[in-house]
Amino acid sequence: MASQDPVQILRERFAAAMRDAFGDALPADADPLISPSRQPELGDYQSNAAMPLAKALGRNPRQIAQELAARLDLSGVAEPVSEKNIAGPGFINVRLSTDALARLLDGLEDHDLGVERPARAQTVVVDLCGVNLAKQMHVGHLRATVIGDALARTNARLGHTVHRQNHLGDWGLPIAMVTDAVMDGVRNGTIDLNALRLSDLERIYRAAQRACDADEKGLDAVKRYGLGPKALAELEEQVAGANERMARAKATLLNLQRHEPETVAVWRRIAQITLDECLAICRRLQANVAEEHTAGESTYAEELAGVVADLESRGVASVSDGALVIDLKDVGIAEPLLIRKSDGGFLYATTDLAGIRRRVQKLGADRVIYAVDARQSLHFRQAFAGAKKAGYARRPDGSDAALIHAAFGTILGEDNRPFKTRSGDNVKLSDLLDEAVARAEAAIAERSPELPAEQRRINAEAIGIAAIKYADLSSDRAKDYVFNFDRMLAFEGDTGPYLLYALVRIRSILRKAAEQGLTPADGAARAALRIGAKEEKDLALTLLRYPGTLQSVADSCEPHRLTNFLHDLAGAFAVFFRECPVLQAETPEMRASRLRLCALTGRVLEDGLGVLGIPTVDRM
RNA sequence: GCCCCGGUAGCUCAGUCUGGAUAGAGCAGCGGUCUUCUAAACCGCAGGUCGCAGGUUCGACUCCUGCCCGGGGCGCCA
């Protein structure tokens with residue numbers, strides 16, 4: 001199947017002309033540099049190849065452009081180029097032929113919106129969501145879930161095999177603390193395991209952490225400055241109590257590690273309560289994170305000793321100040337990766353190495369993508385380098401899998417500080433979704449009072465979620481962004497609702513057309529596309545960018561490239577909608593052609609929003 | 001101290017990967033457009049030392065060096 005993407009097609013035609021014109025003199029890295037035109041009045045696409053080529057060959061760029069133009073075969077694609085299509089220092093402007101444009105759109109419609117099956121499907125592992133036991137999801141989990149899910153969907157859409165991994169924080173001393181506290185409560189009758197909820201668990205977790213935190217510094221200060229026997233006694237009691245709680249937590253961790261049934265049963269219950277709520281929120285967020293994607297830290301517990309022994313025996317890791325570390329200076333990282341504490345305990349880096357090993361060796365990953373906060377950047381640079389050094393990222397063909405940290409910035413409040421509640425707590429994700437939906441419902445009540453209440457409720461849910469996800473996905477993920485309900489739910493602007501509105505108008509036209517017995521028929525019976533008006537052409541050229549955009553999202557792990565595209569598409573449709581009557585078109589042929597254009601635009605919008613995990617509505 | 005990320009219009013952001021034509025959107029401001037497929041839309045006007053300074057280049061928001069500002073990180077927490 002030939003590509004439906006004019007950029008691809010023109011790239012091949014130009015590359016052929018370049019080889020033809022310059023033969024062996026052609027630099028190996030010579031690129032046709034095809035892109036949609038920056039000057040639509042001059043052409044649809046442009047090649048900037050002549051300038052770098054002129055530099056490499058030490059010749060005049062306009063002359064190079066002319067030689068390229070002379071050998072360029074654009075038959076069946078574009079109008080022939082001549083002197084008049086060469087502009088400025090050597091830009092070559094190309095205008096698609098009308099019939100080629102229609103044919104490419106036919107192809108887009110027939111061939112999965114132009115998405116070609118990959119020559120070799122890759123296995124892609126996406127680490128996403130990343131919740132912790134006994135903690136509610138908060139804003140920090142929004143991005144890990146939404147971005148991770150979008151990247152997983154993008155890769156799946158392109159035909160790759162995707163494994164989602166919810167790397168649940170369900171192991172280690174903090175988890176033992178809360179487990180111990182819950183067991184305590186069960187024994188003394190203050191906790192009913194069956195009635196226990198996540199909000200209770202979170203409270204218990206915090207209390208347990210406080211209880212284990214010995215105020216040694218305070219005690220030292222009291223002793224040093226002689227702050228009196230009362231203060232001394234209080235602090236001594238605090239420290240003694242904390243030490244005792246800590247000792248019990250450590251004992252509980254040992255019990256977990258040796259699978260002591262009672263302890264494990266309580267821990268399992270805590271995990272299930274946490275996971276149930278996490279998965280419910282993911283469902284509400286329309287993020288595909290389900291039970292089967294759970295791969296908690298606890299599932300690596302049995303592997304860690306083996307990993308550490310393996311690395312030590314092969315000399316990959318060595319002892320430093322009592323700890324076992326992988327030195328990374330030879331790969332340009334000053335900080336060593338600690339994989340075993342001097343007390344023998346393992347660290348989260350140890351688990352991450354085991355994770356890379358499992359994902360590449362067992363799951364067969366060609367790429368592993370981590371949708372994790374940017375503050376973990378150094379950690380992942382170290383872990384990736386350590387894993388490669390250990391050979392854990394090695395694929396059967398001997399090359400290393402691509403390990404990618406899709407780092408994202410912090411969500412900020414209006415004060416430009418990390419988004420918190422008034423009291424300084426993390427904002428619960430469920431509260432955030434509730435508020436977005438409530439605000440959407442208010443907007444709908446004002447805007448569309450004619451809709452039945454039930455429909456308004458359904459729309460509010462979809463629009464609220466769409467607004468939040470679009471806002472999160474539409475800026476460069478590396479950057480921090482300021483969370484603002486008013487802006488993301490605004491009636492106007494670059495928002496989720498804007499895209500949904502474009503789709504609503506398309507669906508409305510298609511409904512009305514169907515009422516008149518008109519359908520944008522497929523296959524042989526379908527009407528010919530007649531791309532005449534400027535607005536039709538702009539819309540058509542935008543549609544053709546879709547497959548290339550998807551590919552670039554997958555390559556860069558940057559979903560905002562897709563939101564930018566969809567916004568362009570919705571904008572091109574809005575102009576088309578304004579200027580080009582569909583049902584009232586001048587002729588039946590034009591009406592049929594425009595109806596197909598509407599249907600195709602609707603399909604691409606639906607597909608793109610689906611790739612981002614953004615829900616849609618039929619009316620608004 | 002070292003490392004990473006960011007700095008583009010009054011505000012919020014694209015564009016930087018791979019240098020290329022007068023740097024683009026949205027919001028806010030001003031002015032237009034609904035007897036016609038949903039005006040949550042569209043059109044126009046106005047708004048810019050692309051943090052600063054050098055350098056490379058025919059050409060720099062884009063690449064290189066230094067600096068300034070903001071955020072984050074840096075051996076036994078996860």
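Just so we're on the same page: letters track the sequence lines, and every chain starts at 1.
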Distance check, [atom1] atoms only: [N] and [M], in whole angstrom units.
N     : M     : atom1 : result
B/A9  : B/G55 : P     : 25 Å
B/C30 : B/G72 : C1'   : 42 Å
B/U22 : B/G15 : C1'   : 16 Å
B/G20 : B/C61 : C1'   : 13 Å
B/U36 : B/C45 : P     : 27 Å
B/C13 : B/G32 : P     : 32 Å
B/G47 : B/C11 : C1'   : 12 Å
B/C63 : B/A14 : P     : 16 Å

Quiz item: Under 3.5 Å, is there a donor-acceptor pair between the side chain of A/Asp170 and the main chain of A/Glu297?
Solution: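 Side chain of A/Asp170 to backbone of A/Glu297: a pair is present.
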Quiz item: Does A/Asn166 use its side chain to pair, donor to acceptor, with the backbone of A/Gly130 at less than 3.5 Å?
Solution: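 Yes: the side chain of A/Asn166 pairs with the backbone of A/Gly130.
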Distance in angstrom units between [X] [atom1] and [N] [atom2], rounded:
X        : N     : atom1 : atom2 : answer
A/Asp568 : B/A14 : CG    : C1'   : 10 Å
A/Asn48  : B/U62 : CG    : C1'   : 14 Å
A/His567 : B/G26 : NE2   : P     : 7 Å
A/Leu328 : B/C3  : CG    : C1'   : 14 Å
A/Phe565 : B/G15 : CZ    : P     : 16 Å
A/Gln551 : B/C17 : CD    : P     : 19 Å
A/Lys329 : B/C2  : NZ    : C1'   : 14 Å
A/Gln516 : B/C37 : CD    : C1'   : 9 Å

With respect to the phosphate group of [N], does any side-chain polar atom (N or O) of [X] fall under 4.0 Å of OP1 or OP2?
X        : N     : value
A/Arg487 : B/C11 : no
A/His560 : B/G15 : yes
A/Lys479 : B/G7  : yes

Any Lys/Arg nitrogen of [X] or [Y] sitting under 4.0 Å from an Asp/Glu carboxylate oxygen of the other?
X        : Y        : value
A/Arg603 : A/Glu606 : no
A/Glu579 : A/Lys534 : no
A/Arg477 : A/Asp472 : no
A/Arg545 : A/Asp568 : yes
A/Asp415 : A/Arg417 : no
A/Arg439 : A/Asp486 : yes

What does [X] touch in the nucleic acid at a heavy-atom separation under 4.0 angstrom: a base, only the sugar-phosphate, or nothing?
X        : result
A/Phe577 : base
A/Asp618 : base
A/Leu324 : nothing
A/Asp29  : nothing
A/Val575 : sugar-phosphate
A/Arg381 : sugar-phosphate
A/Cys580 : base
A/Arg578 : base
A/Asn416 : nothing

Exercise. Please tell me which of the listed nucleotides, B/C13, B/A21, B/U38, lies nearest to the side chain of A/Tyr481?
Key: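 Out of B/C13, B/A21, B/U38, the nucleotide with an atom closest to A/Tyr481's side chain is B/C13.
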Quiz prompt | Proximity to the side chain of A/Ala478 - top-ranked nucleotide from B/C37, B/A28, B/C5 | solution =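 Closest nucleotide to the A/Ala478 side chain: B/C5.
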Exercise. Spell out protein contact along nucleotides 70-78 of chain B as letters: B when the base is contacted, S when just the sugar-phosphate is, - when no protein heavy atom is under 4.0 Å; keep the 5' to 3' order.
Key: -SSSSBBSB
Quiz item: Got a sec: does the NZ of A/Lys537 have more than 12 other heavy atoms crowding it under 6.0 Å?
Solution: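 Count over threshold, so yes.
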Exercise. By nearest nucleotide on RNA chain B, pick out whichever of A/Asp31 and A/Glu41 is the more 5' one.
Key: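 Result: A/Asp31.
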Practice problem: Please tell me which of A/Gln584 and A/Asp476 maps to the more 5' nucleotide of RNA chain B, matching each residue to the nucleotide holding its nearest heavy atom. | Solution: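 Looking at RNA chain B, the more 5' nearest nucleotide goes with A/Asp476.
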Only pairs under 3.5 Å count here: list side-chain donor-acceptor contacts from residues 583-592 of chain A, not counting sequence neighbours, and write none if there are none.
from: A/Thr587; atom 1: OG1; to: A/Met590; atom 2: N; distance (Å): 3.0

Practice problem: Show your working on side-chain contact (heavy atoms from CB on, under 4.5 Å) between A/Val131 and A/His141 and close with a plain yes or no. | Solution: CA-CA 7 Å; A/Val131 295; A/His141 297 111; 4.0 Å; yes
Practice problem: Tell me whether B/C42 sits syn or anti, counting syn as a glycosidic angle within 90° of 0. | Solution: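 Anti, since the glycosidic angle lies more than 90° from 0.
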Quiz item: When you check the glycosidic angle of B/G24, does it come out syn, meaning within 90° of 0, or anti?
Solution: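 For B/G24, whose glycosidic angle is more than 90° from 0, the conformation is anti.
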Exercise. Find the runs of at least 3 consecutive base pairs, i with j, i+1 with j-1 and so on, that include RNA chain B, using Watson-Crick or G-U wobble geometry with both distances under 3.5 Å.
Key: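 So the stems come out as B:1-7 with B:68-74, B:10-13 with B:24-27, B:29-33 with B:41-45, B:51-55 with B:63-67.
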Quiz item: Just checking, is any N or O donor in the side chain of A/Gln382 or A/Glu335 under 3.5 Å from an acceptor N or O on the other one?
Solution: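 Side-chain D/A pair, A/Gln382 to A/Glu335: absent.
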Quiz item: Within the modelled atom types, does a donor on one side and an acceptor on the other bring the side chain of A/Lys55 and the base of B/G20 under 3.5 Å apart?
Solution: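 No, no donor-acceptor pair under 3.5 Å.
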Quiz item: A/Phe384 vs A/Phe380 aromatic rings, parallel, tilted or perpendicular, using cut-offs 30° and 60°?
Solution: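 A/Phe384 vs A/Phe380 ring planes: tilted.
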Exercise. Compare the aromatic ring of A/Tyr501 with the six-membered base ring of B/A41 and state whether they stack according to the 5.5 Å and 30° rule.
Key: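 A stacking contact does not exist, since A/Tyr501 is not both close and nearly parallel to the base ring of B/A41.
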